[in-house]
S.K.: 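Below are the structure tokens for one structure; questions will follow.
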Amino acid sequence: MLYPLKFNPLFEERIWGGDQLRRKMDKKLPEGKLIGESWELSAVPGNVSVVANGKLAGNSLEELIEVYMGELVGDKIYNKFGLLFPLLIKLIDAQDALSIQVHPNDKLALERHNSYGKTEMWYVIDSEKDAELCLGFNRPVTKEEYLRHVADGTLADILARVPVKPDNAYFIPAGAIHAIGKGILIAEIQQTSDITYRVFDWNRVDKNGKGRELHTDLAADAINFAPDQHYDVTHKPEMNRSVNLVECPYFTTNVIEVKGQLVRSYEALDSFVIYMILEGNLTLKWNGGSETAVKGETILIPACIEQVTLEGEGKLLEIYID
């Protein structure tokens, strides 16, 4: 019988990473490394998540889908994606700014990489004073203007700077030029894709004096230059109520604050559900057992579980495909 599944996080060292995941999300990080990302739930080849709890511990996510199929992910999702789990769930510690980048849409990613594209969203868990994101352009920009700014090193001058604070949320469709600024801790939900076109990396070099690879030619055809794009999807959490942040073809994400008890019914939903625990300490109860859920943990609720009762006090993101 399937049950809510926890997975061993996959820690990714990054030049811009830090130790916020240890200090603020209670992660046990490897010593002496700048950890920028914790891949909480992944089916990216070479980085496939492995179960950490219960009788299925040690099995990979791909192995579970092969055995349980729609019972785990939902029939419609299994019929579309097969053994590929369609979402990649991360925690991101930007101690320093990430590169300015863009991700291709499904059509371009299929043509170039035989992959899905990368639409994503961010939920700000914590941020330093004056922290900001780069999201889109600060005025209408043509492809030709963009290329001129890339060539002369002034791309940052035409990007929109967005001040952030905890509980802000942003939807970043494929094609949106963007960067996470320094001093921000983020929960990221995205399509299963690891394709990033890096456009500018702030003239940063590694310990050997070498800059990271840029993908300016690939990026130019991936960027959406349409004006007046909107990215902010912030909604204030409400006690014991699911508040919608994003609803798109790739995922639906809600934010929930719990105090006491809250029942979530999924019998009409032909999809897995993911809980990202952002704050607090909760107990999950379902017909068959119970499981603890604490800050920093991500839990996969199989599609066959029709109802979950949340008890305790905490805040979480609730993610599924509708």
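This is a predicted model, so every value here is computed, not measured. Residue numbers start at 1 and run along the sequence shown.
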S.K.: Hey, any chance Trp286 and Tyr68 share a hydrophobic cluster, counting ILVMFWY side chains that come within less than 4.5 Å of each other, even indirectly?
M.R.: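 Yes, one cluster joins them.
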S.K.: Can you tell me how far apart CD (Glu247) and OH (Tyr320) are? Round to the nearest 0.5 Å.
M.R.: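 The OH atom of Tyr320 is 6.5 Å from CD of Glu247, to the nearest 0.5 Å.
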S.K.: Show, in sequence, the C-alpha distance, side-chain angles and deciding distance for Leu88 and Asn47, and conclude whether the side chain to side chain contact (heavy atoms under 4.5 Å, CB included) test is met.
M.R.: CA-CA 10 Å; Leu88 173 56; Asn47 283 284; over 6 Å; no
S.K.: To the nearest 0.5 Å, tell me how far Leu98 CG sits from Arg204 CZ.
M.R.: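 Answer rounded to 0.5 Å: 7.0 Å.
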S.K.: A quick test of your reading: do over 12 heavy atoms of other residues, nucleotides or ligands sit less than 6.0 Å from NZ of Lys33?
M.R.: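 Atom NZ in Lys33 is not crowded, with 12 or fewer foreign heavy atoms closer than 6.0 Å.
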S.K.: Do the side chains of Met25 and Leu10 join up, straight or via other hydrophobic residues, at under 4.5 Å, putting them in one cluster?
M.R.: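 Met25 does not cluster with Leu10.
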S.K.: Run the numbers on Phe171 and Thr253 for side chain to side chain contact (heavy atoms under 4.5 Å, CB included), then give the verdict.
M.R.: CA-CA 10 Å; Phe171 177 65; Thr253 301; over 6 Å; no
S.K.: Measuring from Ile35:CD1 to Glu13:CD, what's the distance to the nearest 0.5 Å?
M.R.: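 These two atoms lie 5.5 Å from each other.
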S.K.: Check the surroundings of atom CG in Asn287: do more than 12 heavy atoms from other residues, nucleotides or ligands lie under 6.0 Å from it?
M.R.: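 No, not enclosed.
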S.K.: Might you point out which heavy atoms bring Gly117 and Ser193 nearest each other, and give the distance in Å?
M.R.: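 In this case the closest contact between Gly117 and Ser193 is O-CB, 3.3 Å.
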S.K.: Side-chain contact, heavy-atom cut-off 4.5 Å: Val50 with Val48?
M.R.: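 Of all side-chain heavy-atom pairs linking Val48 with Val50, none is under 4.5 Å.
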S.K.: Please determine, by modelled atom types, if Ser99 and Gln101 share a side-chain donor-acceptor pair under 3.5 angstrom.
M.R.: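 Side-chain D/A pair, Ser99 to Gln101: present.
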S.K.: Would you call Glu145-Arg139 a salt bridge at under 4.0 Å N-O?
M.R.: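 Salt bridge flag = yes for Arg139 with Glu145.
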S.K.: Under the ring-ring contact (aromatic ring centres under 6.0 Å, His included) definition, can you give me all pairs with a residue in residues 177-222, not counting sequence neighbours?
M.R.: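 Sorted pair list: His103-His178, His113-Tyr197, Trp122-His178, Phe200-Trp202.
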S.K.: So Thr309 and Gln261, do their side chains get closer than 4.5 Å, heavy atoms only?
M.R.: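 Counting from C-beta outward, Gln261 and Thr309 do come under 4.5 Å.
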S.K.: Output the rest of the hydrophobic cluster of Leu108: all Ile, Leu, Val, Met, Phe, Trp and Tyr residues reachable through side-chain heavy-atom contacts under 4.5 Å, sorted by chain and number.
M.R.: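 In the cluster with Leu108 there is nothing else; it is isolated.
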S.K.: With ILVMFWY side chains joined below 4.5 Å, transitively, what does Leu214's cluster contain besides itself?
M.R.: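 Cluster partners of Leu214: none, it stands alone.
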S.K.: Kindly indicate whether the side chain of Lys118, heavy atoms from C-beta on, has any atom under 4.5 Å from the side chain of Ile195.
M.R.: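 They are not in side-chain contact.
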S.K.: With a 4.5 Å heavy-atom cut-off, do Leu34 and Ile15 have their side chains touching?
M.R.: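 With C-beta onward as the side chain, the pair stays apart.
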S.K.: Angle class for the Tyr146/Phe137 ring planes (parallel below 30°, perpendicular above 60°, tilted otherwise)?
M.R.: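 Because their plane-to-plane angle is over 60°, the rings of Tyr146 and Phe137 count as perpendicular.
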S.K.: Just by distance, no angles: are the side chains of Asp126 and Gln20 close enough, under 3.5 Å, to form a donor-acceptor pair?
M.R.: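 Not at all, the side chains of Asp126 and Gln20 share no donor-acceptor pair under 3.5 Å.
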S.K.: Give a yes-or-no answer on whether the side chains of Tyr123 and Asn168 include a donor-acceptor pair shorter than 3.5 Å.
M.R.: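 No, Asn168 and Tyr123 have no side-chain donor paired with an acceptor closer than 3.5 Å.
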S.K.: Counting only heavy atoms not in Lys295, do more than 12 sit closer than 6.0 Å to its NZ atom?
M.R.: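 It does: Lys295 NZ has more than 12 such atoms within range.
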S.K.: Just by distance, do the side chain of Arg112 and the backbone of Pro104 share a donor-acceptor pair under 3.5 Å?
M.R.: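 No; judged by distance alone, with no hydrogens or angles, the pair does not exist.
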S.K.: Suppose we screen for salt bridge (charged side-chain N to carboxylate O under 4.0 Å, His left out). Which residues come up paired with Lys27, at least two apart in sequence or across chains?
M.R.: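 For Lys27 the salt bridge (charged side-chain N to carboxylate O under 4.0 Å, His left out) partners, ignoring immediate neighbours, are Glu40.
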S.K.: With the threshold set at 4.0 Å, does a side-chain nitrogen-carboxylate oxygen contact exist between Glu111 and Lys107?
M.R.: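 Lys107 and Glu111: salt-bridged.
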S.K.: Rounded to the nearest 0.5 Å, what separation is found between the CG atom of Leu84 and the CG atom of Leu87?
M.R.: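 Answer for the CG-CG pair, Leu84 versus Leu87, is 9.5 Å.
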S.K.: Which heavy atom of Tyr231 sits nearest to which heavy atom of Ala176, and what is that distance?
M.R.: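 Where Tyr231 meets Ala176 most closely, the heavy atoms are CE2-CB, 3.7 Å.
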S.K.: If you apply the rule salt bridge (charged side-chain N to carboxylate O under 4.0 Å, His left out), what do you find for Lys259 with Glu257, and how did you get there?
M.R.: CA-CA 7 Å; Lys259 187 171 184 179; Glu257 280 198 8; over 6 Å; no
S.K.: Determine, step by step, whether Tyr116 and Phe81 satisfy the ring-ring contact (aromatic ring centres under 6.0 Å, His included) criterion, reporting the C-alpha distance in whole Å, the side-chain angles of both residues, the deciding distance to 0.1 Å, and the verdict.
M.R.: CA-CA 11 Å; Tyr116 287 100; Phe81 293 98; 5.4 Å; yes
S.K.: Can you give me the closest heavy-atom contact between Gln307 and Ser265, atom names plus distance?
M.R.: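 Looks like OE1-OG, 3.4 Å.
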S.K.: Can you establish whether the number of heavy atoms outside Asp152 located under 6.0 Å from its atom CG is more than 12?
M.R.: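 Yes, CG of Asp152 has more than 12 neighbouring heavy atoms, counting only those of other groups under 6.0 Å.
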S.K.: Give a yes or no on whether Val102 and Trp16 share a hydrophobic cluster (residues Ile, Leu, Val, Met, Phe, Trp, Tyr; joining criterion: side-chain heavy atoms under 4.5 Å apart).
M.R.: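 In one cluster: no.
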S.K.: Please say yes or no: joined through hydrophobic side-chain contacts below 4.5 Å, possibly via intermediate residues, are Ile125 and Leu21 part of one cluster?
M.R.: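 Yes, Ile125 and Leu21 fall within the same hydrophobic cluster.
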S.K.: Taking everything shown except Lys55 itself, do over 12 heavy atoms lie less than 6.0 Å from its NZ?
M.R.: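 Atom NZ in Lys55 is packed in, count exceeds 12.
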S.K.: When you look at Tyr250 and Asp106, which way does the side chain to side chain contact (heavy atoms under 4.5 Å, CB included) test go after all the steps?
M.R.: CA-CA 11 Å; Tyr250 306 110; Asp106 283 348; 3.1 Å; yes
S.K.: Strictly distance-based, threshold 3.5 Å: is any side-chain N or O of His230 a donor or acceptor partner for the main-chain N or O of Asp228?
M.R.: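 Between the backbone of Asp228 and the side chain of His230 there is no qualifying donor-acceptor contact (under 3.5 Å).
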S.K.: Under 4.5 Å between any side-chain heavy atoms of Met1 and Glu71, yes or no?
M.R.: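 Side chain of Met1 against side chain of Glu71, heavy atoms only: no contact under 4.5 Å found.
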S.K.: Short question: side chain of Glu291, backbone of Lys6 - any donor-acceptor pair under 3.5 Å?
M.R.: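 Checked: no pair found.
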S.K.: Does Arg212 form a salt bridge (charged side-chain N to carboxylate O under 4.0 Å, His left out) with Asp201? I'd like the steps, not just the answer.
M.R.: CA-CA 7 Å; Arg212 293 196 293 171; Asp201 198 35; 3.0 Å; yes
S.K.: Output yes when Lys90 and Glu12 qualify as a salt bridge under the 4.0 Å nitrogen-oxygen rule, no when they do not.
M.R.: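 No.
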S.K.: In this structure, are over 12 heavy atoms from other groups packed under 6.0 Å from Lys285 atom NZ?
M.R.: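 For Lys285, atom NZ is not crowded (no more than 12 foreign heavy atoms under 6.0 Å).
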S.K.: Indicate, with yes or no, if Val255 and Val263 share a hydrophobic cluster defined by side-chain heavy-atom contacts under 4.5 Å among Ile, Leu, Val, Met, Phe, Trp and Tyr.
M.R.: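 No: no chain of side-chain contacts under 4.5 Å links Val263 to Val255.
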S.K.: Within this structure, what is the CG-CD distance for the pair Leu282 and Glu313, rounded to the nearest 0.5 Å?
M.R.: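 Here the rounded value is 9.0 Å.
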S.K.: Is Arg14 reaching over with its side chain to a backbone N or O of Ile92, donor-acceptor style, under 3.5 angstrom?
M.R.: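 The answer is no, because no donor-acceptor pair under 3.5 Å joins these two groups.
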S.K.: Got a sec, which residues hit ring-ring contact (aromatic ring centres under 6.0 Å, His included) with Phe272, two or more places apart in sequence or on another chain?
M.R.: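 Expected list: Phe85.
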S.K.: Is a side-chain donor or acceptor of Asp157 paired with a backbone partner of His149 at a separation under 3.5 angstrom?
M.R.: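 Judged by distance alone, no pair lies under 3.5 Å.
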S.K.: Tell me, with the steps shown, if Thr252 and Ile321 meet side chain to side chain contact (heavy atoms under 4.5 Å, CB included).
M.R.: CA-CA 6 Å; Thr252 294; Ile321 297 177; over 6 Å; no
S.K.: Does any non-hydrogen side-chain atom of Asp167 lie less than 4.5 Å from one of Thr234?
M.R.: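 The answer is no; the side chains never approach within 4.5 Å.
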S.K.: Using a strict 4.0 Å threshold on nitrogen-to-oxygen distance, state whether Asp221 and Lys143 make a salt bridge.
M.R.: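 Salt bridge present between Asp221 and Lys143.
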S.K.: Identify, with sequence neighbours excluded, every residue that meets salt bridge (charged side-chain N to carboxylate O under 4.0 Å, His left out) alongside Glu306.
M.R.: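 Glu306: no salt bridge (charged side-chain N to carboxylate O under 4.0 Å, His left out) contacts found.
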S.K.: With side chains defined as the heavy atoms from C-beta onward, is the minimum distance between Leu245 and Asn254 less than 4.5 Å?
M.R.: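 Not touching, per the 4.5 Å side-chain cut-off.
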S.K.: CZ/Phe7 to CD/Glu297 distance, rounded to the nearest 0.5 angstrom?
M.R.: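 That separation rounds to 12.5 Å.
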S.K.: Would you indicate whether the side-chain heavy atoms of Leu300 and Leu72 approach each other to under 4.5 Å?
M.R.: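 Yes, close enough: below the 4.5 Å cut-off.
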